[in-house]
Amino acid sequence: MIHSADEVLQLLKSRDAAVRLRAVRMCDRLAEPDRTRLLCIALKDRSSYFAADAALRLATAAEPFAVEAALERFKFLMADGLKRDPGCYIRAHLAVLLGNNRCLEAVPILREGLRVVQVENYMDTAGPLRGNCAMALASIPFGDPVLDLTFLLFFRGSTSYEQSFFDDSSKTVAVKALLHLGQSQSSLAIYAKLCDGAERNNGLLADCMSALMELKHPRAAELLSRFLTAEEASLAASAAVYLVAAMEDEYLPTILTLIDKLHGDLLNGLILALASSRSPRASQALEQLRSTGSDEVQGFITNLPSRHDFVE
């Protein structure tokens with residue numbers, strides 16, 4: 001049964017939570033601009049759960065006039081996030097909407113969003129909010145977003161309490177946002193994070209290596225090569241894989257000495273990288289390892305997929 005916009009509006013005013021939730025979801029059956037208009041009303045629902053549902057629907061598709069309502073609501077929620085937006089769901093979705101619409105007026109409040117750490121039940125729930133604010137800032141044409149994204153890349157919380165629960169996922173999104181910008185300054189920020197001795201998230205550091213190579217900075221390979229001798233095996237292996245993939249053959253001798261220090265998945269990943277490389281020197285190195293490598297190396301080589309199974 002299709003309801004009119006006026007009928008849905010009356011349902012949104014119901015005291016029955018189940019009715020209001022159904023009304024929020026019924027908005028998707030309405031034509032624009034009624035759909036967006038009613039979802040903007042639902043953003044102010046006294047239940048943060050229903051408001052978050054409305055924000056999600058607006059983030060995926062909304063008329064331009066929703067931007068003003070989204071910005072106003074974002075600012076309101078930021079004034080007392082723990083009480084007004086538990087879980088940070090509403091603001092996280094609204095940040096996507098503001099970024100998709102390239103809302104220049106939202107830049108100051110999105111910058112504030114990068115600094116939110118909201119600890120609930122011993123867990124930082126603001127990771128997705130910070131990440132979505134980062135991607136929004138990277139999408140909005142203004143001044144120099146690299147500074148803001150660099151801040152997030154190094155941010156660990158403002159207090160020791162926040163740092164104890166900080167959600168690292170937002171840093172990974174900061175790397176993606178810097179990569180989206182594709183600026184030379186982005187390479188500097190990412191390399192600085194690679195040199196951050198306090199960083200213990202090796203997955204994040206591997207993402208930084210991948211991004212640095214993708215940005216094609218003229219010194220990217222040289223910078224990554226410094227990690228081939230890293231004490232942390234996973235970092236050295238990540239650097240080796242990205243250098244092999246980029247066919248930076250001058251580093252092959254060092255990479256081959258690294259093979260003797262790797263085991264298990266790290267070793268298998270590097271063997272796969274050599275096998276899938278288009279570099280003749282990498283192929284030669286693999287053939288040499290086929291006869292001279294350790295039993296573990298030869299076992300991985302024997303179990304390699306057929307050449308045609310690799311994506312060309």
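Predicted, not measured: the structure shown is a model, and the values here were computed from it. The residues of the chain are indexed from 1 along the displayed sequence.
Taking CG from N132 and CG from L97, the interatomic distance works out to 11.5 Å, rounded to the nearest 0.5 Å. Atom CG of L252 is separated from atom CE of M247 by 11.5 Å, given to the nearest 0.5 angstrom. If you take CG on L286 and CG on L274, they are separated by 6.0 Å, rounding to the nearest 0.5 Å. Taking CZ from R156 and OG from S164, the interatomic distance works out to 13.0 Å, rounded to the nearest 0.5 Å. Remark: L149 CG to K176 NZ distance equals 14.0 Å, nearest 0.5 Å. One finds the CZ atom of F300 at 5.5 Å from the CG atom of L267 (value rounded to the nearest 0.5 Å).
Heavy-atom contacts from other residues, nucleotides or ligands closer than 6.0 Å to CG of D80 number more than 12. Summarising the local packing, CZ of R226 is surrounded by more than 12 heavy atoms from other residues, nucleotides or ligands at distances under 6.0 Å. Counting heavy atoms of neighbouring residues, nucleotides and ligands inside a 6.0 Å radius, atom CG of D16 exceeds 12 of them. Counting heavy-atom neighbours within 6.0 Å of E222 CD, excluding the residue itself, gives a total above 12. The number of heavy-atom neighbours closer than 6.0 Å to OH of Y49, taken from other residues, nucleotides and ligands shown, is 12 or below.
Side-chain atoms of N121 never come within 3.5 Å of backbone atoms of M123 as a donor-acceptor pair (strictly under, hydrogens ignored). When atom types are taken as modelled, the side chain of T125 and the backbone of Q118 share a donor-acceptor pair closer than 3.5 angstrom. Remark: side-chain polar atoms of Q288 are not paired, donor with acceptor, to backbone N or O of T292 under 3.5 angstrom. Looking only at distances, a side-chain donor or acceptor of N303 sits under 3.5 Å from a matching main-chain atom of G299. Checked by atom type and distance alone, the side chain of N101 never pairs as donor or acceptor with a backbone atom of C103 at under 3.5 Å. The backbone N or O of A282 lies less than 3.5 Å from no partner atom in the side chain of S277, so there is not a single donor-acceptor pair. A donor-acceptor pair under 3.5 Å links the side-chain atoms of E120 to the main chain of G87, judged by distance alone. Although no hydrogens or angles enter the test, the distance criterion places a donor-acceptor pair under 3.5 Å between the side chain of D85 and the main chain of R91. Within the 3.5 Å criterion, the main-chain N or O of Q10 finds no donor-acceptor partner in the side chain of S14. Of the possible donor and acceptor atoms, none in the side chain of S210 sits under 3.5 Å from a partner among the backbone N and O of D207.
Cluster membership for M135 and L181, using ILVMFWY side-chain heavy atoms within less than 4.5 angstrom, is not shared. In the hydrophobic clustering of ILVMFWY residues, with side-chain heavy atoms under 4.5 Å counting as a link, V146 and L223 come out together. Note: the hydrophobic cluster containing L94 does not contain V173 (ILVMFWY, side chain heavy atoms under 4.5 Å, direct or indirect links). Note on V96 and F74: separate hydrophobic clusters, where clusters join Ile, Leu, Val, Met, Phe, Trp and Tyr whose side-chain heavy atoms are under 4.5 Å apart, directly or indirectly. A single hydrophobic cluster is seen to contain both V24 and L38, as judged by linkage of ILVMFWY side chains at heavy-atom distances under 4.5 Å, directly or through other members.
Two residues are said to be in side-chain contact when any heavy atoms from C-beta on lie closer than 4.5 Å; E63 and R37 fail this criterion. Between I90 and R84, the closest side-chain pair of non-hydrogen atoms is not below 4.5 Å. Side-chain contact between E199 and D168: present, with at least one pair of heavy atoms (C-beta onward) separated by less than 4.5 Å. Looking only at side-chain heavy atoms (C-beta outward), K75 and L71 come within less than 4.5 Å of each other. With a 4.5 Å cut-off on side-chain heavy atoms, L256 and L289 count as touching. Counting only heavy atoms from C-beta outward, the side chains of L43 and F76 never approach each other to under 4.5 Å. Residues D45 and L12 are not in side-chain contact: their nearest non-hydrogen atoms beyond the backbone lie 4.5 Å or more apart. Counting heavy atoms from C-beta outward, Q185 and L147 have side chains that stay 4.5 Å or more apart.
The side-chain tip of R219 does not point at the ring of Y191 from less than 6.0 angstrom away and within 45° of straight on. Relative to the six-membered ring of F151, R111 misses at least one condition, a distance below 6.0 Å or an angle of at most 45° to the axis.
With 3.5 Å as the limit, one finds no donor-acceptor pair spanning the side chains of D6 and S4.
Checked against side-chain hydrogen bond (donor to acceptor under 3.5 Å, both in side chains), Y89 has no partners two or more places apart in sequence or in another chain.
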- Message: Run H93 and R57 through side-chain contact (heavy atoms from CB on, under 4.5 Å) and show every step you take.
- Response: CA-CA 9 Å; H93 296 319; R57 294 168 192 281; over 6 Å; no
- Item | Trace of the side-chain contact (heavy atoms from CB on, under 4.5 Å) decision for L152 with S170 | CA-CA 8 Å; L152 180 56; S170 55; 4.0 Å; yes
- Would D124 and R130 count as a side-chain contact (heavy atoms from CB on, under 4.5 Å) if you check the C-alpha gap in whole Å, the side-chain angles of each, and the deciding distance to 0.1 Å? CA-CA 11 Å; D124 172 24; R130 292 191 300 272; 2.8 Å; yes
- Message: Test side-chain contact (heavy atoms from CB on, under 4.5 Å) on D148 and V107; report intermediate values, then the result.
- Response: CA-CA 10 Å; D148 300 300; V107 168; 5.5 Å; no
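Annotation for H180 and A138: closest pair CD2-O, 3.5 Å, computed over non-hydrogen atoms. The minimum heavy-atom distance linking G264 with E296 is given by the pair N-OE2, 2.8 Å. Nearest heavy atom pair, residue L114 against residue C133, reads CD2-CB, 3.9 Å. Here the closest heavy-atom approach between residue A206 and residue S238 is recorded as CB-OG, 3.7 Å. Across all their heavy atoms, I190 and A211 have their closest contact at CD1-CB, 3.8 Å. Taking all atoms of both residues into account, the shortest heavy-atom contact from A239 to M209 is N-SD, 3.5 Å.
For the pair R290 and E287, the salt-bridge criterion is met [side-chain N within less than 4.0 Å of a carboxylate O]. Here D196 does not pair with K171 in a salt bridge; the nearest charged N to carboxylate O distance is not below 4.0 Å.
Ring geometry for F155 against F166 counts as perpendicular: the plane angle is over 60°, on a 0 to 90° scale with 30° as the lower cut.
Among residue pairs with one or both ends in residues 243-262, those qualifying as side-chain hydrogen bond (donor to acceptor under 3.5 Å, both in side chains) are D249-S279; sequence neighbours excluded.
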